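Structure first, commentary second.
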Amino acid sequence: MEQVLADFRDHVVPGLTHWNHPRFFGYFAITASGPGILGEMLAAALNVNAMVWRSSPAGTELEELTTDWLRQLLGLPEIFDGVINDTASSSTLYALAAARDAVWPEAHEDGLFAAQPGRVYASDQAHSSVEKAVLTLGLGRTGFRAIPSDAAFRMDVDALRRIVRSDIAQGIRPVAIVATLGTTSSASMDPIAEIADVARELGVWLHVDAAYGAPAAIVPETAALFRGWESADSIVVNPHKWLFTPIDCSVLYCSRPADLVRAFSIVPEYLRSSGDTSARNLMDYGVSLGRRFRALKLWFVLRYFGREGIVERLREHMRLAAELVSRAEEHQAWQVVAPVHFATVVLRFAPGWEAAREDEANQRIIERVNRSGEAFLTHTVLDGRTVIRVSIGNLKTAPSDVDRLWKALGAAAEAVAGDQAGR
Ligand code: PLP
C-alpha cells in the first residue's frame, strides 16, 4: 500500500487538473467539501446498492429525505418528487423520456417509428446534454430546435411561441420545452415565468435545467430570479456543481413522478418484492438498476452547512464575483460581456483591436494563465467572440485568490499584447 500511495502521489497527482483547488475557475468551479468527502467515503465503505427498497431501505429513504430537504431549501412546492442520478445529462435524459412517453403513450407501446415527428425546444445557449438526450431518445437531429436568445443570452419567448405554434400547424408534436436557469456559457437566466406560460398555453412538458444555478434559489437576494420554475414538470439541480457535494450527485425533481415511472418501470421476477409494495423502488426512475448511496454525502453536506451556512458561502462567492467585475470595469482594456447574476463572470480583453486579433489574444491569455499554474480558466464563444469565463465556486477561494487571478490575467494580457506588437 505504501508503494501504491507513493505512485499515486508521484505519478497520478501531477497529471490531474485540480478541480478542488481554490484557483480553479474553469467550467463551473466546484467543491468536494469535508463533510461531502466523509459521506462519500462511508458510502464506499458500506457499498450498498439501493436498486429496490429492500436491497437498501435506508439508501432509498435517505434519498427521499435529502431530496425533500433540498426541495424545501430551494422553495419548490411539495408536489416535486426527487431522485438522485449521476449527472444532469442523465437527469435531463430521463425527464425528456418521461415527456416523450407522456406526449405519445402509443410510442411507449409501439416504438417511435409509428409516431409523427416530435421536437424539443431549448435556447441556443442550452447545454449540449439536451440535444444529446433528444438524439438518445430517437427523436433525431431535427427533433431538437434551438430558439434564439436575446442580448442578455436569455431565450426569446416570442420566438419560442411562434416556432412551437408553427410546428404544431405543420403536424410536428412538441415534446418538451427546456428552460435553463444558469446557462453554461454565461450563467444567463431564461425568463422562466414567461416560458412557463407558453408551456401551459400549448400543453407542452416544461423541463428546467438549473444544474448550475439552482443553489442561488436558496439565497434570499437571488431567489426571485427563479419565480415561475415551480410550474415546471421537471427540474434538474446538481449539488455536485455549486453545492459542495463531491461528484457525482444530480437531483431530478419531477412534479409528475408517475410519468417518470411509466417511462422506466420494468420489474423482472428476480427483482419483485414481496409484502408491502408501497415503498419506492429507485430502479423505476431511470435506466440504471444499481445505484450508489449518493444520498449519504448530500445528507452530510446539508446537515453540516445548514441553510444559513449555505447562504453565507454562496453570498461570499457572489461577493467575490462582484469584486472581480468592479476590477474589470475599472480597467479600460477589459469588458464584462454578460450580466452577472451569480458567481460566474464572463469577460474579455478588448483593447480595441480587430475582432480576430482580439479573439486570438483572449485564447492566448487563457493558455498563459493556465500554463503558469496560477489559476485554471476556460473559454466560451458569445455573440461570435471568444471570451474568458471565471467561475467562482470553491469553498476555499478567498479574496486573495481572486486578487492573484486578476494579476495573472493582467500579466498575461500584457505579455500577449507585447507578443502581438512584436510580430
Ligand atoms: N446543464 C448545465 C447548465 C451545465 O452547465 C452542465 C455542465 O456543466 C450540464 C447540464 C451537464 O452536467 P453533467 O456533467 O452533470 O451532466
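As the structure lists them, so they are numbered: ligands from 1, and atoms in each ligand from 1. These figures come from a predicted structure and were not determined experimentally.
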Suppose we measure from atom 12 (O) of ligand 1 to each protein heavy atom; which comes out shortest, and what is that distance?
K241 NZ, 3.1 Å
When rounded to the nearest 0.5 angstrom, what distance separates OG1 in T380 from CG in N362?
12.0 Å
Could you tell me if any non-hydrogen atom of D209 lies under 4.0 Å from any atom of ligand 1?
yes
Give the residue and atom name of whichever protein heavy atom lies nearest to atom 5 (O) of ligand 1, and the separation in Å to one decimal.
T184 OG1, 2.8 Å
So is S129 in contact with ligand 1, going by heavy-atom distances below 4.0 Å?
yes
Any idea which protein heavy atom is nearest atom 15 (O) of ligand 1, and the distance to it?
A88 N, 2.7 Å
re atom 16 (O) of ligand 1, the protein heavy-atom contact at minimum distance is S89 OG, 2.5 Å
Kindly give the heavy-atom pair with the smallest separation between N20 and I30, and that separation in Å.
OD1-O, 4.0 Å
Which ligand 1 atoms are under 4.0 Å away from a heavy-atom of H240?
15 (O)
Could you go through the salt bridge (charged side-chain N to carboxylate O under 4.0 Å, His left out) check for E131 and R141 one step at a time?
CA-CA 8 Å; E131 200 172 346; R141 291 241 174 238; 3.7 Å; yes
Answer yes or no: does atom CZ of F305 have more than 12 heavy-atom neighbours from other residues, nucleotides or ligands under 6.0 Å?
yes
Is it true that R165 and E201 make a salt bridge, defined as a side-chain N closer than 4.0 Å to a carboxylate O?
yes
K396/D401 salt bridge by N-O under 4.0 Å criterion
no
N238, any N or O under 3.5 Å of ligand 1 N or O:
yes
Counting from 1 in the order shown, the ligand 1 atoms closer than 4.0 Å to a non-hydrogen atom of G182 are 3 (C)
Quiz question: by atom type and distance under 3.5 Å, do the side chains of E64 and T60 form a donor-acceptor pair?
no
Look only at interatomic distance and state if F28 has a nitrogen or oxygen under 3.5 Å from any nitrogen or oxygen of ligand 1.
no
How close does the nearest protein non-hydrogen atom get to atom 11 (C) of ligand 1, and which residue and atom is it?
H127 CE1, 3.4 Å
Decide, yes or no, whether a salt bridge links R364 with E367 under the criterion of side-chain N to carboxylate O below 4.0 Å.
no
